[in-house]
Structures are given as structure tokens and as C-alpha cells.
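Structure record follows, encoded as C-alpha cells.
Worth knowing before you read on, the calculation uses all heavy atoms, side chains too, and leaves out hydrogens, waters and symmetry mates. Indexing begins at 1, ligand by ligand and atom by atom, following the structure's order.
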Amino acid sequence: MLYSAVAKCYADLEGMSGRKEITAVLAGLLKATPVAELPSLVYMTQGKLRPDYEGVELGLAEKLALRALAGASGAEPARVYSSYVKHGDIGAAAEELLTDRSQGTLFSEALTLRRVYETLLRVARQSGSGSVEAKLRELASLLNDASPLEARYVMRTVAGELRLGVADYTVLDAAATAFLGGKEARPRIERAYNVHPDLGFVVAAVASRGIAGVDDVKVEVGVPIRPMLAERLSSAQAIIEKMEGKVVAAEYKLDGERLQIHRSGDDVKLFSRRLEVVTSHYPDAADLVRAHVSARNAILEAEVVAIDEDTGEYLPFQELMHRRRKHGIQQAIADYPVALNFFDILLAGSSDLTGKPYSFRRKKLRQTVEETSRTRPVPALSTSDPGELEKFMEDAITDGCEGLVVKDPDSSYRAGAREFAWIKLKREYRSELTDTLDLVVIGAFHGRGRRAGTFGTFLLGTYDTKRGVYASVAKVGTGFSDEDLAKFPRLLEPYESHVRPPGVESKMVPDVWFRPHLVIEIIAAELTLSPIHTAAMGSVRPEAGISLRFPKFTGKVRDDKRPEDSTSVDEIVGMYRRQVKRVE
Ligand code: ATP
């Protein structure tokens, strides 16, 4: 497959906004691609190289991307920089600079999809001393053989800025159109993707074996399952009504980190909520699984929580952050012990349990997890009485939890879905405050006074899932400790951008832009309409977006969430509407 055909298709996609049109073009591209190359094509179309859970990251920092471009085009660094700032896009700069260069070139070797893919994979995987030079050499050789249009997409991919607006679900639609002649089989493809979230793998399965290939995709130890998520309601009464008066299962909602635990014999792998491997943060948790889980082959879910070893009490989420370090993890294990609170079991032995009702899974969980001071099935109560639910909520809060997750006992495990089969109830919902929001840092303003020399305030965005863009929603400057203020520039530096990053929408212009990456938790007094912020622009009132009043950082950096997992524009609109209802 020639990369020129892929680049041409990307250029077509860029000019489109309708999902139908995008799907049709993408379906054509999938059909034209040999099956063996489909996985790489699918990853690349989403600006990736491997499924997210393998953690292969491109995203070359701005500085290096510009150096690569200078090297390949032969242009002076100042000329490269001015082209970049003029276009506000590294891809357009590459196209322009290579157009200038190509006047002199006679011919070059045609780029293939395979070569581009393999080179980028090598670039992403190189690390250690001398790796920067090696990366630049690889890129220069690729760009040498690239046409200006190809260079546009190679550079955007390398910089982590290929934003074609092709969401996972669009790829699944396109695969259904291309290989199954329509969308009827769509839910079955989606199921396959939710239990095996490797789009390249799923699309290749559809292409090679049709619907049988899709139905054969199974839950597998070692491949993370997309997590089931909870909706929110503001009272016990509302929850019981939503569940139509049935006896529900209320569980403690612990304030820790979600772990999806995959065990095959003595081999234990831990995945975070965003499906990254985090086993190295919690080797002691892996030992607890080996010692206290009876199934040798299993997939379980648990909330890992820091505890006070003497009293057994739960400690706040922040304590877990000490586990993030690369060195001295043995010391961190001793200083910050943890407990595992299991809340689901998705596979036991060779049985896939995701299709079984919650009540069945809970029973199985109780049989599988030994109750010790460090391991237990999460406390749960069955009831259909709102009063009892309220009371249990008080107990949960007294015990250091955030609230409850109320579960429909008849529901299967709905991988990847946020539905009312799980409903969270938190204390904040009952006060004037809205729920906390997880927002993406898209910019920052330099500090003054005590904060001179560092950032004083941050511009935050929220993800618009329909349009695949980040829209500004608030500016926040309170709630940051001195430690946070010292740490943030370091966390954000790799994502700094001298131009407004593609896919970021904001009328406000910060001193520094950041590519969407860092997610932080924010609490606010209420949601308000705003002419300045672009989140949900026009969806409640023309010319107005939604913003936050008195936003404050809670101290939580949500590195267990990808920017796409941040509180979405739709959720914010929902929260705003509920707030209006409460006031009326
Ligand atoms: P939040 O910010 O409230 O944690 P979230 O977007 O991370 O929300 P939700 O699906 O809204 O995820 O809430 C469920 C989260 O609560 C899970 O991801 C998990 O980490 C945590 N949790 C704690 N206790 C439980 C439990 N008993 N059952 C399910 N999830 C639980």
C-alpha cells in the first residue's frame, strides 16, 4: 500500500465534517488496504501506532519536531519556526518547506504505508542516550522521500497532532460498511471492541473472517476490557425510582484507583482505568492477588486504596500518588500500604462472566476473594428502601468513602458503557455544589506576586465527543499548593505549544498553550452561562457557552484518565440542566 494513497485520503477526510461522509471515505480506504496492513493503517488513522493499552507514545515534543523538520528540509531553524507559527500547524509548515525543497529534487523512492509505520514505531520505541539523534535521523530519511502532502501527515502524526476526527466508533462503522455490507452487525462489532479494545485487531478480524471473526473475539487474560462506568443521580429516592423499585445492590464507592487485575497463574498484570499497565506501582497488590484470590486464571476489578496500617482506615486518594515513582518503590510500599477492595469479577477459570448478571458475579466474587485485612469484596447492601440507602451512604462517608455506587442486580457487565445500571451517589450532590469535574489543561498564564516565575492560573478545557475537540470551560487559580505550582510546569512541559494546538477551541488566549494531556479534578460552586468560554456554545442559549463559577483545584491530578475521558461537553450540559431544575 502506498502512503500517497493514505495521505490523499487523509486530505479528503480533513475537508469533511459529516459523519456519514467520513465513514464512507474511510470504508473505501479500509477496502483498498491488504488485510495484513489493516492494523497499522487503523492505528495510524487515529494518530497512534499500537492500541492505547500498550503505551507506545509518539507525541514528539514541539522543539524536536521543529528540529527534525529543519534537518529534512534544509531550511534555517528561524525559517522553520516562522512557517510553523504562521500556519499554527507543524504539518502545514512541513508541506510548505518541502514544496520549496522539492524544486531541486529529481526523484525519490515512493513511500509505502509499511515503511512509514515501521519507521514511526522505531522512533517511538527509541529511548536512552543517543536516542534523540537516532530519532531525528530516522525522520529525516523518511521526509527525504516524502512528497509535501505526505510530509504534512507524517509530521502531524509524529507530533501527536493528526486530528482527523475519526473516532473509534467511526472506524467500527466503516469496518461494518466495508466488510459486512451495512450496519446491522454493528452492535456485535462494538461488543468485540469493548472486550478487546484493539481497533486494528478487531478491524482485521472483520476483514478476514466477517461476522464469525467478530463473534470469536473473546475476553482474554492479558487484554484489558473497557471499563463499565456509572451515571450519577442526586438522591437515594431518585435512584430507587430509576431502578423501578427493585432491590438494588449498593456498594461503597472508595476513593482510590481503579485496577483491572489479570491473573494467569503466578503472572499478575494490573491495568489502570485508562487501561495502562500499572503493575510496577503496586507489586504488593499483585502479591495480595496471588495470596488471596482462589482462581488461578481470572480477571477482576478492584479499587486500590491507601490505608493506615494501624487502624485499617482508608486514606485519601492523594496518598496513592507516592506510588507513581520509578525509583524507591520498595520504600513507598512500606510507607504507604494499600488494600484491595474487589468489586467485580469478569472471568474465572475459562468462563467469561461479563454476560452474567451482577448478582451472579457478586456471589462468585465472594467465593473467590478471601477476606483479610488487605483484601475483601467491597462492602455492599441489598435494599429497595431509599431510607436504608441514605443510611448506608452515611456509613460509607463515615468510613472515608466518597459515597455509593448503586448497581442493578440483573445487569450484565456492560464494557465501555456509562449507563444507569450503575449509578453513583456522592455527598456533594446534595449540597449546592455540583459534582467534581475532570478537566484538561489547555493553557496557562504566568503568575504574579508570590507566583511570579511559575504559572498562576490555568485554562481548562472539556472534551466535545461529537466533534472531537477540546473547548475552553474555565480559568482556575485556586486550590493549588506550592508543591502543585512547582510540579505543574514539569508535568506540562512536554506538551507546550507556541501555537493554539489543533483541536483546541478557545476565545481566551493564554500565555502558553498545551496540547491536551493533563487532566485535573475541579470543584465549582455552580455552572453558569458564559460568552467567553466555548464549551457547549449555543446549546443552552445562542452565543453562550457554559463555564464554572468559583472553580477550585481539588488537589487530584487524574493521571488515570486520558484527555478523551475528561468530563464531556454532554455531561456538562446535563449537569447544567439538572442544576437549573434544582433551582426552579
Ligand atoms: P469519578 O470521578 O466519580 O471516579 P469516573 O469517571 O472516574 O468518576 P465513574 O464511572 O463515574 O468513573 O465512577 C466509577 C468509579 O468509581 C470507578 O472507575 C472506580 O474507580 C470507582 N469505584 C469505587 N468504588 C467502586 C465500586 N464499588 N464499584 C464501581 N466503581 C467503584
Side-chain angles (χ1 to χ4, degrees), residues 224-234 239 248-261 270-276 278 282 300-306 314 316-318 320 338-346 358 361-362 365-366 369 376-382 389 392-393 395-397 399-409 411 413-429 433-440 462-463 465 519-523 554-568 570-572 574-575:
I225 298 169
R226 295 189 69 223
M228 176 163 178
L229 301 171
E231 272 290 354
R232 48 168 81 83
L233 283 175
S234 55
I239 292 179
V248 298
E251 294 183 349
Y252 273 17
K253 183 175 199 303
L254 291 127
D255 187 17
E257 180 173 5
R258 185 176 191 153
L259 292 182
Q260 197 179 101
I261 301 164
L270 308 176
F271 292 96
S272 68
R273 180 191 187 284
R274 59 188 281 182
L275 308 183
E276 283 174 345
V278 289
Y282 303 108
L300 301 122
E301 280 200 302
E303 190 83 355
V304 60
V305 193
Y314 298 134
F317 171 84
Q318 276 84 339
L320 288 178
V338 295
L340 285 175
N341 291 268
F342 292 84
F343 61 82
D344 222 316
I345 181 160
L346 312 180
Y358 165 87
R361 302 198 311 277
R362 172 78 190 177
L365 189 69
R366 291 169 62 90
V369 174
R376 62 171 179 176
V378 75
L381 170 82
S382 293
L389 208 55
F392 195 54
M393 166 89 166
D395 295 347
I397 287 167
D399 286 345
C401 297
E402 282 184 313
L404 301 177
V405 184
V406 183
K407 301 182 175 178
D408 177 347
S411 166
Y413 188 87
R414 307 267 304 125
R418 192 186 289 280
E419 293 171 350
F420 285 95
W422 285 11
I423 307 175
K424 48 185 173 172
L425 179 64
K426 292 200 214 171
R427 181 171 44 183
E428 297 102 85
Y429 300 168
L433 301 178
T434 56
D435 190 11
T436 54
L437 296 101
D438 299 316
L439 302 173
V440 189
T462 158
Y463 190 53
T465 32
V519 180
I520 63 176
E521 190 181 81
I522 298 292
I523 185 100
T554 63
K556 270 193 199 176
V557 171
R558 293 294 309 252
D559 50 8
D560 58 333
K561 286 197 169 181
R562 297 175 305 159
E564 302 92 305
D565 299 325
S566 58
T567 306
S568 67
D570 285 351
E571 284 179 85
I572 288 179
M575 286 173 160

Checklist entry - Any N/O of Glu521 closer than 3.5 Å to an N/O of ligand 1? => result no
Checklist outcome for this item: Closest to atom 21 (C) of ligand 1 (heavy atoms only, candidates Glu301, Arg258, Glu303) is Glu303
Item to check | SB check Asp255 Lys556 (cutoff 4.0 Å) | outcome: yes
Item to check | Derivation of the salt bridge (Lys or Arg N to Asp or Glu O under 4.0 Å) call for Glu571 and Arg232 | outcome: CA-CA 10 Å; Glu571 284 179 85; Arg232 48 168 81 83; 3.5 Å; yes
Checklist entry - Do any nitrogen or oxygen atoms of Lys407 come within less than 3.5 Å of a nitrogen or oxygen of ligand 1? => result yes
Item to check | Ligand-residue contact atoms, ligand 1 with Trp422, heavy atoms, under 4.0 Å | outcome: 29 (C)
Checklist entry - For ligand 1, which atoms have a heavy atom of Lys424 less than 4.0 angstrom away? => result 1 (P), 3 (O), 8 (O), 9 (P), 11 (O), 13 (O)
Next on the checklist: Among Phe317, Phe343, Phe342, which one puts a heavy atom closest to atom 31 (C) of ligand 1?
Outcome noted: Phe343
Item to check | Atoms of ligand 1 close to Leu254 [distance to a heavy atom under 4.0 angstrom, numbered from 1] | outcome: 23 (C), 24 (N)
Checklist outcome for this item: For Arg273, the ligand 1 atoms with a heavy-atom partner under 4.0 Å come out as 5 (P), 6 (O), 7 (O), 12 (O)
Next on the checklist: Are the side chains of Tyr252 and Asn341 in contact, using a 4.5 Å heavy-atom criterion?
Outcome noted: no
Item to check | Beyond-backbone contact of Leu381 with Asp395, side-chain heavy atoms, under 4.5 angstrom | outcome: no
Checklist entry - Quick one: does Glu231 get a heavy atom under 4.0 Å from ligand 1? => result no
Item to check | Derivation and outcome, side chain to side chain contact (heavy atoms under 4.5 Å, CB included), residues Thr465 and Asp570 | outcome: CA-CA 8 Å; Thr465 32; Asp570 285 351; 4.1 Å; yes
Item to check | Option nearest atom 6 (O) of ligand 1 (shortest heavy-atom distance, choices Lys561, Arg274, Lys426) | outcome: Lys561
Checklist entry - Which bit of Asp560 gets closer than 4.0 Å to ligand 1, counting heavy atoms only: side chain, backbone, both or neither? => result neither
Next on the checklist: So if I apply the side-chain hydrogen bond (donor to acceptor under 3.5 Å, both in side chains) rule between Asp344 and each of Lys407, Arg362, Arg361, which one comes out positive?
Outcome noted: Arg361
Checklist entry - Looking at side-chain heavy atoms only, is the closest gap between Asp565 and Asp438 below 4.5 Å? => result no
Item to check | Glu303 and Val378: CA distance, side-chain angles, deciding distance, side chain to side chain contact (heavy atoms under 4.5 Å, CB included) verdict | outcome: CA-CA 9 Å; Glu303 190 83 355; Val378 75; over 6 Å; no
Item to check | Trace of the salt bridge (Lys or Arg N to Asp or Glu O under 4.0 Å) decision for Arg258 with Asp560 | outcome: CA-CA 8 Å; Arg258 185 176 191 153; Asp560 58 333; over 6 Å; no
Checklist entry - Does any non-hydrogen side-chain atom of Leu346 lie less than 4.5 Å from one of Met228? => result no
Checklist entry - What atoms in ligand 1 come closer than 4.0 Å to a heavy atom of Glu251? => result 26 (C), 27 (N), 28 (N)
Checklist entry - So which bit of Arg232 gets within less than 4.0 Å of ligand 1, heavy atoms only: side chain, backbone, both or neither? => result neither
Next on the checklist: Can you tell me if Asp438 contacts ligand 1 (heavy atom of the residue under 4.0 Å from the ligand)?
Outcome noted: yes
Checklist entry - Any side-chain donor-acceptor pair under 3.5 Å between Glu301 and Tyr413? => result yes
Next on the checklist: Polar contacts were defined as any N/O atom of the residue lying under 3.5 Å from an N/O atom of the ligand; does this apply to Val378 and ligand 1?
Outcome noted: no
Next on the checklist: So is Glu257 touching ligand 1 or not, going by heavy atoms under 4.0 Å?
Outcome noted: no
Checklist entry - Going through the checks in order, is the side chain to side chain contact (heavy atoms under 4.5 Å, CB included) test met by Tyr314 and Leu254? => result CA-CA 8 Å; Tyr314 298 134; Leu254 291 127; 3.1 Å; yes
Item to check | Side chain, backbone, both or neither: the part of Tyr252 lying under 4.0 Å from ligand 1 by heavy atom | outcome: backbone
Next on the checklist: Test your reading of the structure: does Val405 have an N or O sitting under 3.5 Å from an N or O of ligand 1?
Outcome noted: no
Next on the checklist: Please check whether Glu402 reaches ligand 1 - meaning an N/O of the residue sits under 3.5 Å from an N/O of the ligand, judged on distance alone.
Outcome noted: no
